[in-house]
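For reference, the structure is listed below as structure tokens.
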Amino acid sequence: AVLRQQTFDSLDEKPQFPGASADFVDHLEFIQPNVISGIPVYRVMDRQGQIINPAEDPQLPKEEVLNFYQKMTLLNTMDRILYESQRQGRISFYMTNYGEEGTHIGSAAALSPNDLVFGQYREAGVLMYRGFPLDLFMAQCYANADDLGKGRQMPVHYGSKDLNFVTISSPLATQIPQAAGAAYAVKRENANRVVICYFGEGAASEGDAHAGFNFSATLECPVIFFCRNNGYAISTPTYLSVLFSNGNSASERHISAGVSRSPSPRFRRIGHHSTSDDSSAYRSVDEVNYWDKQDHPISRLRHYMTARGWWGEEEERAWRKQSRRRVMEAFEKAERRLKPHPELLFTDVYHDDPPHLQRQREAMWRHVQTYKEHYPLDQYEQ
Ligand SMILES: Cc1ncc(C[n+]2csc(CCOP(=O)(O)OP(=O)(O)O)c2C)c(N)n1
């Protein structure tokens, strides 16, 4: 019998696998990542604050640029004072934002106030831009009775329902899939808002980052992932560069707006990782000095403003004085304030207090009454 075979030109054949849309290839070739010449770094102005390509100049009005500068420098002033206050044991912990001020303010300015923010812990500028009061930054760090979080978390774990800034938590990257879920809910609501999710390049190696990126793409969620690649995850250096977009047009508009408005898309973590870290143990002082002195978002924007005659030595001096006074006032007020009522340790574990927690609360009070002299009760609201 003659075997009847269909004749076809195998070169015209297309793969029929449901998992991918691609052509066949007839030679074995591995795909190599291009690490030498990676995704280019977009920039609008150089180190002297000069616009490189006029077509990309967002031409922001003077008031807006001055606001950027004042928010970045106010953040910097707050950082310096709270860092020192931690060194003196007045607060238990702190994380500075040195060198990353531009990423916060630039991206926050490109959002609308009702866009929902998920952060890591080094994005205080986003809250600053949205008008979070200095008093509340301080209240959180001091864990005093004015703290919205009732003094329960470590310093710099800010949150504000009013400003659409989801409360920060310590476990890295957990906010990434949560942000994708929030964006999915936003999409279902047909709400005209997006979600932005910040994380460090170190956090991007967590499993949760993989989950979040994949879900946001497959479920087509209106989310911007904003990775702060500052070169270090504590002592671990990195050579990765990541800025993810899921192709959603709203997000892309927001990303391009955010990046083009950002005075310094490329940056380094200039400060120590946190107050528990001495970064000179793992990187050179020269490197830090370079970024601090030569290529800093604040100095770059200042050059830009100076060239336009919008800012001079006098304005700088007056603003330095005023911003320092405002921070110190909030600082002193926070320091004088009592700590929250000790019972608040037991509330909000569940929405309603279950009986076993009520029993533990009563046991605590019996204990504290018996051993009063061993507890700093005078520092707490009663
Ligand atoms: C799940 C988890 N693992 C480890 C830590 C301890 N930790 C806190 S910050 C940090 C480094 C994060 O680096 P990166 O994401 O690059 O952010 P950066 O501090 O540089 O802004 C680590 C390992 C943590 N908080 N959570």
Side-chain angles (χ1 to χ4, degrees), residues 38-39 41 72 75-76 78-79 82-83 86 91-108 117-128 137 140-141 149 152-159 165-180 196-213 224-244 258 262 264-284 287-288 290-292 295-298:
I39 302 169
V41 179
M72 288 202 285
L75 175 63
N76 190 261
M78 181 178 85
D79 272 352
L82 285 176
Y83 182 82
Q86 193 284 333
I91 58 175
S92 60
F93 179 78
Y94 195 68
M95 297 178 109
T96 61
N97 302 279
Y98 301 149
E100 306 191 24
E101 297 88 345
T103 63
H104 305 179
I105 304 300
S107 59
V117 180
F118 284 79
Q120 183 156 315
Y121 46 66
R122 214 184 292 284
E123 295 94 9
V126 175
L127 267 175
M128 188 75 91
F137 279 111
Q140 200 284 331
C141 290
R152 291 165 179 153
Q153 289 212 85
M154 279 172 72
V156 314
H157 291 60
Y158 310 113
F165 190 102
V166 178
T167 304
I168 293 160
S169 68
S170 297
L172 288 173
T174 50
Q175 80 278 19
I176 301 174
Q178 293 163 7
I196 188 163
C197 177
Y198 295 89
F199 52 94
E201 89 293 342
S205 52
E206 280 289 344
D208 275 356
H210 296 261
F213 303 149
I224 300 162
F225 290 118
F226 195 113
C227 181
R228 298 177 294 94
N229 181 3
N230 59 17
Y232 284 93
I234 314 184
S235 57
T236 308
T238 178
Y239 307 103
L240 284 170
S241 172
V242 259
L243 179 68
F244 290 90
S262 169
S264 177
R266 193 180 159 174
F267 56 96
R268 283 287 180 280
R269 194 194 81 214
I270 293 171
H272 302 299
H273 168 72
S274 72
T275 48
S276 312
D277 173 49
D278 171 9
S279 67
S280 67
Y282 54 81
R283 62 178 184 179
S284 81
E287 179 196 321
V288 175
Y290 171 79
W291 286 97
D292 200 14
D295 201 358
H296 195 287
I298 290 177

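Indexing begins at 1, ligand by ligand and atom by atom, following the structure's order.
Among Gly202, Ser274, Ala204, the residue whose heavy atom lies nearest to atom 14 (P) of ligand 1 is Gly202. Here atom 6 (C) of ligand 1 lies nearest to Leu172 when heavy atoms of Asn229, Thr236, Leu172, Asn230 are compared.
The protein heavy-atom contact nearest to atom 20 (O) of ligand 1 is Tyr232 O, 2.7 Å. The closest protein non-hydrogen atom to atom 3 (N) of ligand 1 is Glu206 OE2, 4.0 Å. Closest to atom 19 (O) of ligand 1, if we only count protein heavy atoms, is Tyr121 OH, 2.5 Å.
Checked by atom type and distance alone, the side chain of His272 pairs as donor or acceptor with a backbone atom of Ser279 at under 3.5 Å. Listed for the Tyr282 side chain is a donor-acceptor partner under 3.5 Å among the backbone atoms of Ile234. A donor-acceptor pair under 3.5 Å is formed between the side chain of Arg122 and the backbone N or O of Thr96. Side-chain atoms of Glu206 do not come within 3.5 Å of backbone N or O of Ala204 as any donor-acceptor pair.
In Ser170, the part holding a heavy atom less than 4.0 Å from any atom of ligand 1 is the backbone. Contact annotation: for Arg122 versus ligand 1, heavy atoms closer than 4.0 Å belong to the side chain alone.
Of all the atoms in ligand 1, the ones that sit under 4.0 Å from a non-hydrogen atom of Pro171 are 26 (N). The contact set between ligand 1 and Gln120, taken as ligand atoms under 4.0 Å from a residue heavy atom, comprises 14 (P), 15 (O), 17 (O). Atom numbering of ligand 1 starts at 1 in the shown order; those under 4.0 Å from a heavy atom of Gly200 are 14 (P), 15 (O), 16 (O), 17 (O).
Considering backbone and side-chain N/O atoms, Met95 never comes within less than 3.5 Å of an N/O atom of ligand 1. Inclusion of His273 in the set of residues having an N or O under 3.5 Å from an N or O of ligand 1 is warranted.
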